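Presented below is the structure to which this report refers.
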Amino acid sequence: TSMEAKAMAKQISAGLRTAGQGFLLEEGICGSLVNVEDPDAIANAMIHLARHPEERERAAENARTSAWQRFHPDVVVPQYERIYAQFSSN
C-alpha cells in the first residue's frame, strides 16, 4: 500500500481515483497523482522519475519522514487513547 511504501522511503505514483491517496500521498512532496485510466500519464510519471533521481530520492525521503511523523505508533496510539477516553467517560 501507499503507507507501507512511504515507510520504506519509496516514492509513490498513485491514481487520482483511489480513495484517500491525496491525503496519504501529499502531492508533489512524497510522490505524484496520475490518472490510472491514462497509460501515457502513468508512463510519463515513471519516465520522469527515472530521469530525475534526485527528485525521486527527495520524494522518497519525504515519504518516509511523513509516514513516521504522521503514523508512527508513538503518534497514533495516544490519539486512539484520547478517543477511547472520550467515549468511555460518556
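Just so it is clear, the model here is predicted, and its values are computed rather than measured.
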- Message: Once salt bridge (Lys or Arg N to Asp or Glu O under 4.0 Å) is applied, do any residues pair with Arg58, and if so which ones, sequence neighbours excluded?
- Response: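 Salt bridge (Lys or Arg N to Asp or Glu O under 4.0 Å) list for Arg58, sorted by chain: empty.
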- Query: Could you give the distance from CZ (Arg51) to CG (Leu49), rounded to the nearest 0.5 Å?
  - Reply: 11.5 Å
- What distance separates Ile42 CD1 from Asn35 CG, expressed to the nearest 0.5 Å? 7.5 Å
- Closest non-hydrogen atom pair between Ala50 and Pro53, with its separation: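 Between these two residues, the closest heavy atoms are O-CD, 4.1 Å.
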- Note on the structure: Between Ala41 and Val34 the two heavy atoms that sit nearest each other are O-CG1, 3.9 Å
- His48/Arg56 under side chain to side chain contact (heavy atoms under 4.5 Å, CB included): CA gap, chis, key distance, verdict: CA-CA 9 Å; His48 178 81; Arg56 182 180 64 239; over 6 Å; no
- Query: Considering residues at least two apart in sequence or located in another chain, which fulfil the side-chain contact (heavy atoms from CB on, under 4.5 Å) criterion with Tyr84?
  - Reply: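 With neighbours one apart ignored, the set is Tyr80.
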- With distance as the sole test, does Thr65 use its side chain to make a donor-acceptor pair with the main-chain N or O of Asn62 at under 3.5 Å? no
- Message: Between Ser66 and Ala63 (side chain of the first, backbone of the second, donor and acceptor by atom type, cut-off under 3.5 Å), is there such a pair?
- Response: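 Pair absent, no side-chain N/O of Ser66 close to backbone of Ala63.
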Distance-only donor-acceptor hits, side chain of residues 67-78, under 3.5 Å, sequence neighbours excluded:
residue: Arg70; atom: NH1; partner: Phe23; partner atom: O; Å: 3.3
residue: Arg70; atom: NH1; partner: Glu26; partner atom: OE1; Å: 3.2
residue: Arg70; atom: NH2; partner: Phe23; partner atom: O; Å: 3.2
residue: His72; atom: ND1; partner: Asp74; partner atom: N; Å: 2.9

